[in-house]
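Quick notes on the structure that follows.
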Amino acid sequence: MLRRTARLLLGLVMTMAFTLGGAVVTAGTAQADDCYTWTRTLRPGATGNDVVQLQIRVAGYPGYNSVLAIDGSYGPATTAAVKRFQAAYGLAADGIAGPATQAKIYALQDSDCTPAHFTYPELNKCNSTWAGGKVAAGTARANALSSMWKLEALRHALGDQSIRVTSGFRSVSCNAAVGGASNSRHMYGDAVDLGSGPHSLCTIAKQARYHGFNGILGPGYPGHNDHIHVNQGPSHYWSAPSCGI
């Protein structure tokens with residue numbers, strides 16, 4: 001808690017400094033916690049792993065019915081996603097990921113690279129190893145990380161009120177035990193089930209359309225009247241008839 005508070009204060013101070021023209025750090029050298037530190041300002045045309053790291057964190061801002069490719073290339077779609085992220089947090093929406101934008105991301109993430117309001121254990125109630133699914137353990141864990149950043153964007157869009165995760169990664173055996181579909185995306189680590197809470201299921205489903213999920217299932221779809229299922233699978237399929245989706 002203290003570490004997160006310190007990061008939030010650091011992000012606020014750095015953002016204010018850049019807004020006021022201060023010189024706390026030089027462009028591209030803002031420091032993060034133990035997770036990841038960018039060493040340059042990223043802008044359209046940039047390529048590399050540092051762009052990949054940025055894309056993972058802004059993947060929840062692709063726009064309606066869109067998915068941001070995590071390809072390490074800072075093209076128009078990444079620029080647009082960065083602009084939406086910046087606007088969502090009150091930053092200058094120029095589409096350039098400079099120190100102020102990087103500082104905001106640092107303030108939002110924990111030292112294991114997960115966003116502030118979601119954790120690996122929350123996305124994996126099956127086991128602690130991420131093994132036994134349809135993909136390698138590391139891939140399942142990486143897929144879950146991407147999902148968490150999209151959920152963070154969804155949460156922020158819903159007024160920064162909590163979102164209740166009811167299921168995430170499942171091994172093949174865990175999936176069978178709960179009666180999951182034989183081709184369930186949960187076994188790939190890129191699917192999450194969400195329960196009602198501060199927001200109705202339909203409110204969650206409708207907002208999820210803006211945050212990079214290829215799959216959305218909810219009330220009115222067989223077996224989904226008590227939760228919203230979102231996934232990053234390769235096929236686009238939305239169905240929540242009771243919500244008008």
Sub-4.5 Å side-chain heavy-atom contact between [X] and [Y]:
| X | Y | value |
| --- | --- | --- |
| Y120 | L145 | yes |
| L194 | L151 | yes |
| T101 | V58 | no |
| Y61 | K83 | no |
| Y74 | T79 | yes |
| F118 | I163 | yes |
| I96 | V82 | no |
| N49 | Y36 | yes |

*Is Y221 isolated, or which residues cluster with it under the ILVMFWY side-chain rule of less than 4.5 Å, directly or via members?*
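Result for Y221 is L217, Y237.
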I'd like to know if the side chain of [X] reaches the main chain of [Y], judged simply by a donor and an acceptor atom lying under 3.5 Å from each other, with no hydrogens or angles considered.
| X | Y | answer |
| --- | --- | --- |
| S146 | A144 | no |
| Q55 | S73 | yes |
| H211 | G60 | yes |
| Q102 | R40 | yes |
| H224 | P222 | yes |
| W38 | D50 | yes |
| R84 | P62 | yes |
| R141 | G138 | no |
| D110 | C113 | no |
| R170 | M187 | no |

If you round to the nearest 0.5 Å, how far is [atom2] of [Y] from [atom1] of [X]?
| X | Y | atom1 | atom2 | result |
| --- | --- | --- | --- | --- |
| K150 | I56 | NZ | CD1 | 10.5 Å |
| F213 | Q207 | CZ | CD | 11.0 Å |
| S147 | L154 | OG | CG | 11.5 Å |
| I204 | C243 | CD1 | SG | 9.5 Å |
| C202 | I228 | SG | CD1 | 6.5 Å |
| D193 | S184 | CG | OG | 7.5 Å |

Shortest non-hydrogen contact from [X] to [Y]?
| X | Y | value |
| --- | --- | --- |
| N231 | G233 | OD1-N, 2.9 Å |
| S171 | A131 | CB-O, 3.7 Å |
| E152 | L108 | OE2-CD2, 4.3 Å |
| R43 | T41 | NH2-CG2, 3.5 Å |
| G215 | W238 | C-CD1, 4.1 Å |
| L201 | N225 | CD1-O, 3.5 Å |

_Closer than 4.0 angstrom, basic N to acidic O: yes or no for D160 and R155?_
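Answer for the salt bridge query: yes.
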So if you build clusters from Ile, Leu, Val, Met, Phe, Trp, Tyr with side-chain heavy-atom gaps below 4.5 Å, do [X] and [Y] land together?
| X | Y | value |
| --- | --- | --- |
| Y210 | Y89 | yes |
| V230 | Y188 | no |
| V192 | V172 | no |
| V135 | L123 | no |
| V52 | M148 | yes |

Pair [X]-[Y], side-chain donor/acceptor within less than 3.5 Å:
| X | Y | result |
| --- | --- | --- |
| N65 | H236 | yes |
| T114 | D112 | yes |
| Q86 | D94 | yes |

*Determine, step by step, whether H186 and H229 satisfy the ring-ring contact (aromatic ring centres under 6.0 Å, His included) criterion, reporting the C-alpha distance in whole Å, the side-chain angles of both residues, the deciding distance to 0.1 Å, and the verdict.*
CA-CA 10 Å; H186 287 281; H229 169 96; 5.1 Å; yes
*With a distance cut-off below 6.0 Å to the six-membered ring centre and an angular limit of 45° from the axis, does R57 pair with F85 as a cation-pi contact?*
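No, R57 does not lie over the aromatic ring of F85.
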